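Report on the following structure.
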Amino acid sequence: MSVEPRLLANAIRALAMDAVQAANSGHPGMPMGMADAATVLFTEFLKYDPADPRWPDRDRFILSAGHGSMLIYALLYLTGYARPTIEDISNFRQLGSPCAGHPENFLLEGVETTTGPLGQGFAMAVGMAIAERHLNAEFGDDLVDHRTWVVAGDGCLMEGINHEAVGLAGHLGLGRLNVIWDDNRITIDGATDLSTSEDVLGRYNASGWHTASCDGHDVADVRRALSEAQADPRPSLIRCHTIIGYGAPNKQGTAATHGAALGVDEVAAARKQLQWDSEPFLLPAPILDAWREAGRRAAGAHGEWDARLAASPKRAEFERRMAGRLPDLAPLAAHIDALIANPQKVATRKASENALEAITAAVPETIGGSADLTGSNNTKTKSTGPLTRDDYAGRYLYYGIREFGMGAAMNGMALHGGIIPYGGTFLVFSDYCRPAIRLSALQETRVIYVMTHDSIGLGEDGPTHQPIEHVMGLRMIPNLAVYRPADAVETAEAWALALERQTGPSLLCLSRQNLPQVRLERSDNLTARGAYRVRPAAAPRRVVLLATGSEVQVALETAEALEGQGIGADVVSMPCWSLFDAQDEAYRRDLIPADGSLRVSIEAGSTLGWERYTGANGLNIGLDRFGASAPAEDLFKRFGFTAAAIVPRVVAALEETGV
Ligand SMILES: Cc1ncc(C[n+]2csc(CCOP(=O)(O)OP(=O)(O)O)c2C)c(N)n1
Ligand SMILES: [Mg+2]
């Protein structure tokens, strides 16, 4: 290369400190400290093509330490991606700039994942590395042969999810995963020895990783360590000794550079120290040219890859998968027809398994799994053999007891492309992976969460295992489609919708206990409307019962009993609030009429939130306390989820409100 790597790295430093200074907000320390190592990675190792950021066989680069976002913005600009432009960078952190405070996968091509919640980028990278090996097993070296590179900070390694991610990657022998640890011995509160004395490399070695160390400011040493990592068949952690804020003479090496602008004086001093004379956001032509040349390094390899794809008999299937286009879902439709012809009284978790048998046979890009509850979540099917270090072609992941790691890995697989991941645990443990669910929603990934044992209906395991606030809490996450199906038909319909949804995750809340089939006639996918009338009132309507999941049956029994007293009652099943809210007003009004009918919600969970449908004078039947350990039927009786308990409450409410 014609320009010294040190000067190339200084371009990153200048952009980082100037952008943060202009915004008077941001994190200059990390990009300045990692500039040298990142320069080696992007000019000598990483396989990417700025002219085609979505090239399927590119290496994936994950900036897990997302607060150092200026590092990736600088690299994308310098190597020649269309965005960010230098204007975008000069508007760092401002409204409308794709250079958000933390990198967002939906704002910039080249940003593979949203990062910022520490530890999750790393854990998503594990999913990307799984995806790469799986697709390699299926499509061969000609089409899929790339690496996953991560830059992670002390925080990413300290977070609990790191243990799950490292364990999974080591177990699966993901040798294409290389993590560069920015070992600057500084976090926000100060020196890392305030809070940790862990033998990090020892932990990684014990988990089946290769480890290497280097001086992060010595490019030859970085080069050696990265080469070593590439050559080793195990996943690698490269400990990169760096100085945070390197180049800022008075502040480098201190937490002061972590998350605040350096200040005008220190920026001027850094310019002097780095011998960087250019004005902010201006780059010397030879330096920018050298960076752009580095950005064209893989253009030839990309062209050769294009030729291999064009000649490949697997081309159409590869392109279909990578574009995320589903194959024909006719087998799932046939499964629903069979349910109508031959109704099933099964738990919705079992109904989910039955739907999955049809789905996994028809949709080869599905990869299932469970956090050690396979037999309870009913996530394994005949088509999905285990994905192991000896057989990456498998389609079922034994995630172990790693709910958060599972969620993050699924995000990584979905973001990699070519895979639709689904994974299970108990609904109550959605809390353990909630941060990953949130990132699925934010990143718009097609990930499907299979959450079983969805209420006190799970019975004897008791309050630790009985979800209360979970369904409602999950409904609050924007862009997450939460389904609580009432029977086998709704379950299959929810699966169809989850598969078809390209712009975000879906979460299925499924029962442990058997539920009778309430849908007995052929129809369109009614779950797609979010809510629909299961039973219209026979007598003049005075009550509308709104229920989900196992409580739809309770609502039907309640309606029967009310009708027996001459009180007309509609029953509305509401498997998915967000889809219902998206219907037009006429449809919503028809189901939840403003005709003075008493509106009653019945759901064995938190009532908070149901008022939006039942109104100020409505009745909310739910559970705003923890459950108890007993058989399900006893619990439904104890907590009032029976027609016998609900009817008097409805009658009393009718009297009270004078409807
Ligand atoms: C889950 C999570 N917790 C807390 C934070 C807030 N936070 C951002 S950076 C940081 C310190 C990280 O230290 P390190 O990774 O060493 O970064 P460095 O200071 O070296 O840049 C913290 C606590 C976060 N972004 N994510
Ligand atoms: Mg640090």
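Just follow the structure's listing: the first ligand is 1, and inside any ligand the first atom is 1. Note that these values count all heavy atoms, side chains included, but never hydrogens, waters or copies made by symmetry. Keep in mind that what you see is a predicted model, and the values were worked out from it rather than measured. Just so you know, residue 1 is the first one in the sequence shown, and it goes up from there.
- Under a 4.0 Å criterion applied to the non-hydrogen atoms of I244, ligand 1 contributes the atoms 18 (P), 19 (O), 20 (O), 21 (O).
- Under 2.8 Å from the Mg ion (ligand 2) lies no N/O/S atom of R185, from backbone or side chain alike.
- Between the side chains of Y399 and T425, no donor-acceptor pair of N or O atoms lies under 3.5 Å.
- At a cut-off of 2.8 Å, T187 is not counted among the residues with an N, O or S atom near the Mg ion (ligand 2).
- With no hydrogens or angles considered, no side-chain donor-acceptor pair links T192 and D154 at under 3.5 Å.
- Protein heavy atom at the shortest distance from atom 17 (O) of ligand 1 is H67 NE2, 3.1 Å.
- Nearest protein heavy-atom contact of atom 4 (C) of ligand 1 is L118 CD1, 4.4 Å.
- Residue-ligand proximity: P117 is placed with a non-hydrogen atom under 4.0 Å from ligand 1.
- For atom 23 (C) of ligand 1, the nearest protein heavy atom (residue, atom name, distance) is I188 CD1, 3.7 Å.
- Ligand 1 places these atoms under 4.0 Å from at least one heavy atom of G153: 15 (O).
- Taking the six-membered ring where the residue is Trp, the centroids of H470 and H453 are separated by 6.0 Å or more.
- The shortest distance between side-chain heavy atoms of R434 and I477 falls below 4.5 Å.
- A heavy-atom distance below 4.5 Å is found between the side chains of L201 and S213.
- Residues E109 and R54 are paired through a salt bridge, judged by an N-O separation under 4.0 Å between the basic side chain and the carboxylate.
- Judged by distance alone, the side chains of D36 and T39 never bring a donor and an acceptor atom under 3.5 Å apart.
- Distance from atom 14 (P) of ligand 1 to its nearest protein heavy atom, with residue and atom name: G155 N, 3.6 Å.
- For G116, the heavy-atom gap to ligand 1 drops under 4.0 angstrom.
- Within ligand 1, the atoms closer than 4.0 Å to a non-hydrogen atom of N184 are 18 (P), 20 (O), numbered from 1 in the order shown.
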Would you please test E104 and V111 for side-chain contact (heavy atoms from CB on, under 4.5 Å) and show each step?
CA-CA 7 Å; E104 305 286 5; V111 172; 5.8 Å; no
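- Geometry at the Mg ion (ligand 2): OD1/N184 and OD2/D154 form an angle of 80°, nearest 10 degrees.
- Looking at T192 against ligand 1, nothing comes within 4.0 Å, counting heavy atoms.
- Cation-pi check for R292 over Y81 is not met; the charged atom does not lie both under 6.0 angstrom from the ring centroid and within 45 degrees of its normal.
- Numbered from 1 in the order shown, with element, the atoms of ligand 1 that lie under 4.0 Å from a heavy atom of T187 read 13 (O), 16 (O), 19 (O).
- The Mg ion (ligand 2) has no N, O or S atom of D182 inside 2.8 Å of it.
- Remark: ligand 1 atoms within the under-4.0 Å shell around heavy atoms of D154 are 14 (P), 15 (O), 16 (O).
- The heavy atom nearest to atom 1 (C) of ligand 1, out of those in E159, H258, R185, is found in E159.
- The environment of L608 atom CG is sparse: at most 12 non-hydrogen atoms of other residues, nucleotides or ligands sit within 6.0 angstrom.
- Ring centers of H465 and F429: under 6.0 Å apart, within the cut-off.
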